[in-house]
Amino acid sequence: MARQRTNANLSSGEVTGGTIFFVIYLLVLPFATDPLFRLAELLLDVNISAGMQSAIYYYVLFAVTAMIFHGLLGRSTRTLADNAALAAKTLGMGLVALYGLNELVYRLTHALINNQTNLNDVSISARIDTAPLSTLLIVLFLAPFVEEFLFRGLVFGGLRSRSRTVAYLVSCVLFAFLHVWQYAWGNQDAAYFWLMLQYLVPGAVLAWAYDHSGTLWTSVALHGLANALSVLVSRL
C-alpha cells in the first residue's frame with residue numbers, strides 16, 4: 001500500500017553523485033570547512049562571522065543537494081501532492097513515536113553511562129545564542145533537507161530495494177555516527193560513541209516516515225519539527 005507509493009528508485013546519476021557528496025559531507029567537510037573559510041577571509045580581506053559561515057555552509061549544501069537529487073526532489077513533491085493526507089497522518093504519528101521512544105532511549109543511556117547530554121541540543125543552543133536567525137533557518141529547514149536527502153533518500157532509498165532491514169540498520173547507524181564522531185575525535189574520548197544510541201530512534205522514525213508516506217518531504221518536515229521543539233526547550 002503506502003510502500004508501493006514510495007519513490008524508491010534512484011537514477012545512476014543520483015547514486016553516483018550522491019555517494020561522492022555523502023562521503024565528502026560525512027568525512028571531509030568537518031576537517032576542511034574551517035581552513036576554507038580562513039583562506040577565503042585571507043584572500044578577500046574580510047572577517048566572516050561564525051553565524052555567516054554556518055549560513056554559507058548550509059546554503060551551499062542545500063544547493064548541491066538540490067542539484068544532485070533534483071529527480072528525487074521532483075518525485076517526492078509529486079507524491080506529496082498526490083498523498084497529502086497520508087503524509088500529514090504519517091507526520092503526526094512520527095512525531096508521537098519520535099518523542100515517546102526517545103524518552104525510553106534517553107533513560108536507557110542515562111542508566112548505562114550516567115549521561116544527560118544531548119549533543120543535538122548542545123549544538124543548537126551554542127549556535128542560536130550567537131546567530132539566532134540564521135540558526136533557525138538552518139535547523140528548521142536547510143539541515144533537515146540535506147540530511148534527509150542523504151540519509152533517507154540516498155542511503156535508505158538505495159538499500160531498500162535489496163533489504164528493508166539492512167536499509168533501516170545502515171541508515172540509522174550512519175545517521176547516529178554523523179552526530180557523535182566529531183565529539184569523540186575532538187575530545188579523544190570513545191565514550192561519546194555510546195551517545196549514538198540517542199540517534200538510532202530518530203533515524204528509524206525518520207526512515208519510517210519516508211517509507212510509509214512515500215515522500216521525503218514528510219521526513220524533512222518531521223526532522224524540522226523535532227529541531228524546532230529542541231530550540232523551544234532550550235529557550236525555556
Side-chain angles (χ1 to χ4, degrees), residues 13-14 16-70 72-73 117-155 171 173-190 192-193 195-196 198-199 202-203 206 216 219-220 223-224 226-228 230-235:
E14 287 172 334
T16 302
T19 300
I20 294 172
F21 178 47
F22 180 81
V23 173
I24 293 173
Y25 174 73
L26 184 64
L27 300 176
V28 177
L29 288 181
F31 295 106
T33 302
D34 285 342
L36 286 174
F37 274 114
R38 286 198 297 269
L39 177 61
E41 289 178 328
L42 180 63
L43 294 176
L44 300 174
D45 192 25
V46 296
N47 179 47
I48 306 175
S49 67
M52 181 59 67
Q53 288 183 21
S54 294
I56 294 172
Y57 176 74
Y58 277 100
Y59 271 123
V60 171
L61 290 180
F62 172 80
V64 173
T65 301
M67 285 189 293
I68 293 175
F69 297 105
H70 64 275
L72 180 58
L73 176 58
T117 300
N118 183 292
L119 297 181
N120 190 58
D121 291 347
V122 170
S123 177
I124 290 175
S125 295
R127 290 179 179 178
I128 203 166
D129 287 335
T130 58
L133 293 180
S134 62
T135 297
L136 285 175
L137 177 62
I138 290 167
V139 302
L140 299 186
F141 180 68
L142 296 179
F145 182 91
V146 172
E147 292 184 3
E148 291 314 302
F149 273 82
L150 286 175
F151 288 94
R152 261 57 69 175
L154 175 67
V155 178
S171 63
V173 170
L174 286 176
F175 184 65
F177 179 76
L178 167 73
H179 288 85
V180 304
W181 79 266
Q182 294 178 62
Y183 291 92
W185 178 276
N187 293 281
Q188 296 295 296
D189 186 358
Y192 275 93
F193 285 111
L195 297 179
M196 287 177 63
Q198 295 179 345
Y199 294 94
L206 289 166
L216 275 168
S219 59
V220 171
H223 194 153
N227 284 348
S230 292
V231 170
L232 180 61
V233 169
S234 72
R235 298 295 93 188

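By convention here, the first residue in the shown sequence is residue 1. Note that the coordinates shown come from a computational prediction; the quantities given were computed from them, not determined experimentally.
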For this session: Quick one: sort the F31 and W181 rings into parallel, tilted or perpendicular, breaks at 30° and 60°.
Result: tilted
Between [Y] and [X], is there a side-chain heavy-atom distance shorter than 4.5 Å?
X    : Y    : answer
I20  : T16  : yes
I56  : F37  : yes
L73  : F149 : yes
Y25  : V146 : yes
L29  : I24  : yes
Y59  : L137 : yes
F145 : L61  : no
L206 : E147 : no

Exercise. For L154, does its backbone N or O pair with a side-chain atom of E14 as donor and acceptor, under 3.5 Å?
Worked result: no
Exercise. Is there a donor-acceptor pair closer than 3.5 Å between any side-chain N or O of T33 and the backbone N or O of P30?
Worked result: no
Exercise. Is the gap between the ring centers of F177 and W185 under 6.0 Å?
Worked result: no
For this session: Kindly state whether the ring of F62 and the ring of F141 have centres lying under 6.0 angstrom apart.
Result: yes
Which atom pair, heavy atoms only, marks the closest approach of [X] to [Y]?
X   : Y    : answer
I48 : Q53  : O-NE2, 3.0 Å
G18 : F69  : CA-CZ, 3.6 Å
Y58 : A143 : CE2-CB, 3.7 Å
H70 : M67  : ND1-O, 2.8 Å
E41 : N47  : OE2-OD1, 3.5 Å

Once you round to the nearest 0.5 Å, how far does [atom1] of [X] lie from [atom2] of [Y]?
X    : Y    : atom1 : atom2 : value
L216 : L72  : CG    : CG    : 5.0 Å
H223 : L140 : NE2   : CG    : 10.5 Å
L150 : T19  : CG    : OG1   : 9.5 Å
L27  : Q182 : CG    : CD    : 9.5 Å

Problem set entry | Residues, nucleotides or ligands: over 12 heavy atoms within 6.0 Å of F193 CZ | yes
